[in-house]
2 protein chains.
Amino acid sequence: MQSKSKVTIHDIAEKLNITASTVSRALNDNPRISDVTKKAVLKAAKQLNYQPNNIAAALRNGKSYIIGIIVPTADRSFFASVVRGIEEVANKLNYKVIISQSYDSHEKEIQTIDALLSARVDGIIASIGKNTESFDHYKRIEREGIPLVLFDRTTDLLEVSQVMIDDYLGAYKVVEHLIQQGCSRIGHFTSPKNVSIFRERLRGYVDALKNYGIPYDEELVVKSNLQLEDGRESMKQLLTLRDRPDAVFSSSDFAAMGAMQVLKENKIRIPEEVALAGFSNDPFTSFTDPALTTVDQFSLTMGKKTAEVFFEQLRAGKKEVVPQKIVLKPELIIRESSLRKK
Amino acid sequence: MQSKSKVTIHDIAEKLNITASTVSRALNDNPRISDVTKKAVLKAAKQLNYQPNNIAAALRNGKSYIIGIIVPTADRSFFASVVRGIEEVANKLNYKVIISQSYDSHEKEIQTIDALLSARVDGIIASIGKNTESFDHYKRIEREGIPLVLFDRTTDLLEVSQVMIDDYLGAYKVVEHLIQQGCSRIGHFTSPKNVSIFRERLRGYVDALKNYGIPYDEELVVKSNLQLEDGRESMKQLLTLRDRPDAVFSSSDFAAMGAMQVLKENKIRIPEEVALAGFSNDPFTSFTDPALTTVDQFSLTMGKKTAEVFFEQLRAGKKEVVPQKIVLKPELIIRESSLRKK
DNA sequence: TTATAACATGCAATCGGTTGCGCAATTGAT
DNA sequence: ATCAATTGCGCAACCGATTGCATGTTATAA
């Protein structure tokens, strides 16, 4: 078989005794080409098993029909879902998606942006890493004149569109719920990093306490990296307090799970003695015993919405697009870990 | 700022009064260029904020430095981890990765392959969808002369390299373990689809029973799509048997979880009355109560290994590469759900 | 019948790097 | 001092598709 790849429009042209220009126009359904010719071209293309070379087209057009996605890590349920949502929308529009992971490293984030720009992606969708404090590398994206849309972990230091959930509201609802369940000494796990989502959740926690006349106690707020092990440590720390908490709201489901383990190991009943709530509605939360109260972030929807905003902006092109800020409403998922009154 | 993107090697050449050829060679560290010139070029490149256009290079070289990955779905923990592993290796080699989802649809799988080929990826790594029965679309990849490597859900109907775990062995170990725990009437959840991994696990189940002199009972093998809800239904079905099972080995962690829920709802003690085991070591399995016994598939390792095999093949190029079949050893993770003897 | 419009296709440049070949200049050996 | 070897760089074609402009042909109008 001579089909060693590489059948080009020139081969089709030669076969039909016409020029590559005509073939190109025929394949693109250009009205200036007769139907007869078009049909002949299509037929020849099938016969020769022609495969368009998007790279050549991309070079000529300056569009690659590929968009880049940057996430801290691709195997975390939340990000995986968002990516899936983006991909669904992108595919429908005939765009492909390149996924890169920043591993929450500032350095890697810069490299990744470099790589994507060199790959000539038509735009970038990103969620900022935990350790990113300056945003010059993101500004390079704007300078290249291609759209940038941020989701979830965003920043107001960049004038770009953002899609996120209302972390403040989500946290507020959780704490309000815990209070309504009769809890009055509520612990909180948060991150030491200056990341907006954790700041907002902390703010929601503080405001909810305030609005219900519950004093804020710094002792009850524990900072960590919010992984499972961190949650275990944080919980142990809270248990050493003379005045123990009767509830814990963790900014992460994993840390909440760690807390649950420690509580169970200490034979402390959940939710009777300590009510528990996480954040993110990671799939595992419904499988724990007791099932974990948490906040759903509608990750798939966020992905789709982000993609929509992105493509809207892509279509708009140069015309100064006004950055939009889309804030999705989170949903409190009440499960057994916090349900005292049945 | 005139940096409206598009600084090319020609701009650098002009600035230095040399030609684009020299700039190109300098940037690629070609030995035929003097160090003086190289330094000047690098300096000018920084100054002008030059961003190489990989698309142009890709067109000329016939390599895009992008590889395509096809997975049924990107947000399942297992696939997300494999992808992560592949990406780590790829990035180290300066390759980018395009992720496409087939959603287990034969049709979508074909479209996806089309799209990737058009994007001129340098090769494809894939896991076959559940509903794929013919493989002509995969053969097109070989015909294009680019490498194809399959992982996990593979087939012997294609002469390509494959990386998988020993599903047979994993299943055998699980069942052997259950038997050693004193179980003798062991149910099994499997898929009706003709997918190798499920076939192999079933085979392991059957052989283990046989080797330990336990009769095979068709009634105990339930076929379903293996999702959570399916697991619930399957468990309910098994509970209607006059002679109930004293253990269940599910080919999926999710279905095992469904079974666990039903058992708990029926106040049937795990593992005392019914021992339970899943397959995949999905992150949630360590969070259930009791924690679920399962089989680890080393997804990250599988991803890395797959990428290694892939790049090995990519480097080999045309030279008839002999397809390798790499079978990783799975690990039985024994947890409370099956541990009767403590 | 002739001028004009409408139509179908060809020509050639272009996108931005890459590379085989060639030429000039410098170096070294005899 | 002479010739070959080495070094450093330019020329121009090329990768494959796209597109403004030109050309040739046929149909319509005057």
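Values in this document were obtained by computation on a predicted structure and should not be read as measured data.
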What is the separation between atom [atom1] on [X] and atom [atom2] on [N], rounded to the nearest whole Å?
| X | N | atom1 | atom2 | result |
| --- | --- | --- | --- | --- |
| B/E14 | C/dG17 | CD | C1' | 17 Å |
| B/H10 | C/dA13 | NE2 | C1' | 14 Å |
| A/Y65 | D/dA17 | OH | C1' | 13 Å |
| B/R60 | D/dA17 | CZ | P | 16 Å |
| A/I12 | C/dT9 | CD1 | P | 15 Å |
| B/L59 | C/dC15 | CG | C1' | 9 Å |
| A/N61 | D/dA17 | CG | P | 12 Å |
| B/L16 | D/dG8 | CG | P | 17 Å |

Check your understanding: What nucleotide among C/dG16, D/dT18, C/dT9 has an atom nearest to a side-chain atom of A/T22?
Key ->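 Shortest atom-to-atom distance from the side chain points to C/dT9.
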Check your understanding: Which of the following nucleotides, C/dT19, D/dA17, C/dG17, is nearest to the side chain of A/I9?
Key -> D/dA17
Salt bridge or not between [X] and [Y]? Use side-chain N to carboxylate O under 4.0 Å.
| X | Y | answer |
| --- | --- | --- |
| A/R153 | A/D104 | yes |
| B/E88 | B/R84 | yes |
| A/D114 | A/R140 | yes |
| B/E142 | B/K139 | no |
| B/K6 | B/D11 | no |

Practice item. Check the angle between the aromatic planes of A/Y138 and A/F135 and answer parallel, tilted or perpendicular using the 30° and 60° thresholds. Key: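 Judged by the thresholds at 30° and 60°, the geometry between A/Y138 and A/F135 is tilted.
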Review point. Below 4.0 angstrom from OP1 or OP2 of D/dA17, is there any side-chain N or O of A/Y50?
Key: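 Affirmative; the distance criterion is met.
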Review point. Counting just side-chain N and O atoms, does B/S21 come under 4.0 Å of either OP1 or OP2 of D/dC9?
Key: no
Exercise for review: Would you mind classifying the nucleic acid contact of B/T8 as base, sugar-phosphate or nothing, using non-hydrogen atoms under 4.0 angstrom?
Suggested key: sugar-phosphate
Exercise for review: Using a heavy-atom cut-off of under 4.0 Å over every strand shown, decide if B/I18 touches base, sugar-phosphate, or nothing.
Suggested key: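 B/I18: backbone/sugar contact only, no base atoms under 4.0 Å.
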Check your understanding: Hey, can you pull the residues of residues 28-46 of chain A with a non-hydrogen atom under 4.0 angstrom from DNA chain D?
Key ->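 Heavy-atom contacts with DNA chain D come from A/N28, A/R32.
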Check your understanding: Would you say the base of D/dG10 and the side-chain of B/R25 have a donor-acceptor pair closer than 3.5 Å?
Key -> yes
Practice item. Starting at CE of B/M302, measure out to CZ of B/F78 and round the result to the nearest 0.5 Å. Key: 4.0 Å
Point to revise | Comparing B/R120 and B/T19 on DNA chain D - which has the more 5′ nearest nucleotide | key: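 The residue mapped nearer the 5' terminus is B/T19.
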